[in-house]
Peer 1: 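Dumping the structure here so I can ask a few things about it.
For reference, positions follow the sequence shown, starting with 1. Whatever order the structure lists them in is the order used to number ligands and atoms, beginning at 1.
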Amino acid sequence: MNIIESNLSFGSLSKRGITNKIILHHPECNGWTIERLHDLHKNQFKWSGIGYHFYVRKGGSIYRGRPEWSIGAHCPGQNAVSISVCLEGNYMVDNMPEEQFNAAMELVIYLKNKYGITEIGGHGDYYSTDCPGVNFPLEKFKGNLKNNKLVFNYREWIKKVQRELNIQFGSGLNEDGYYGPNTQKATVLVKKGARGNLTKLIQEKLINIGYSVGKWGADGAFGQGTYDAVLRLQTDKYIGADGIVGPNTWRILFTS
Ligand SMILES: [Zn+2]
């Protein structure tokens, strides 16, 4: 998961002492950048800056808004105990793109694990408002959070691995989302210290099959948490346990 730092400047902020829930919102508009929302909240509403902690665009990019440690401005009565995630769009009428849902879900699971949160709601669950909108897939968020599962598209994952191998190593693979001998042969060693999209894809798969990579989630950095996860997988599958993602480990990842 990649959180884009937004470099927004804020007025005075207060530290949040408790984090016991995640509250979801929509801005009820399309095409707005985080800077534009920040400007609205800061210069028109005269708040300290954007009220939301995170903003997820329709294409799936995740932006940091108000610092995570601070009290937000998004839901009266809940600001001191919650983290807010706003999803671009007007969900009174729009339907949510899959990319946006998946990115927001990944963020929600990351926050859940980081803070031990078990409660998620829409703005309207806590306040008299129709935010985040009648078309917002709130129940899907709630169900997935409860089951602690990322929405994971197996074929899409293979496609992304193939694309990455093509981009980085000129593997010339068909990006068809099917695992076969050519894809297996094109795999490369990925080990501790690696950084980038291949590592991120490995992490996403590890998480999906039940091997936590540590509190940072799928961040694209192959650190101790990922190393430990690979070791556990290798031990469970009786392949050489060296913490390195080589041909055998790739085979397990592709077929799990
Ligand atoms: Zn709201």
Peer 1: I'd like to know if Lys142 pairs up with Asp125 as an ion pair, taking the criterion as any Lys NZ or Arg NE/NH1/NH2 lying under 4.0 Å from an Asp or Glu carboxylate oxygen.
Peer 2: yes
Peer 1: Could you tell me if the ring centre of Trp157 sits under 6.0 Å from that of Phe254?
Peer 2: yes
Peer 1: Classify the side-chain pair Asp228/Gln224 by whether it contains a donor and acceptor separated by less than 3.5 Å.
Peer 2: yes
Peer 1: Specify which N/O/S atom of His25 comes nearest to the Zn ion (ligand 1), by atom name.
Peer 2: ND1
Peer 1: At less than 2.8 Å, would any N/O/S atom of Cys75, backbone or side chain, sit next to the Zn ion (ligand 1)?
Peer 2: no
Peer 1: Quick check: does His123 have an N/O/S atom under 2.8 Å of the Zn ion (ligand 1)?
Peer 2: yes
Peer 1: Do Tyr63 and Phe10 sit in one hydrophobic cluster, given that two such residues count as connected whenever their side-chain heavy atoms are within less than 4.5 Å of each other, even indirectly?
Peer 2: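 Looking at the clustering, Phe10 is in the same group as Tyr63.
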Peer 1: Is any N, O or S atom of His74 under 2.8 Å away from the Zn ion (ligand 1)?
Peer 2: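 So His74 does not count as coordinating the Zn ion (ligand 1).
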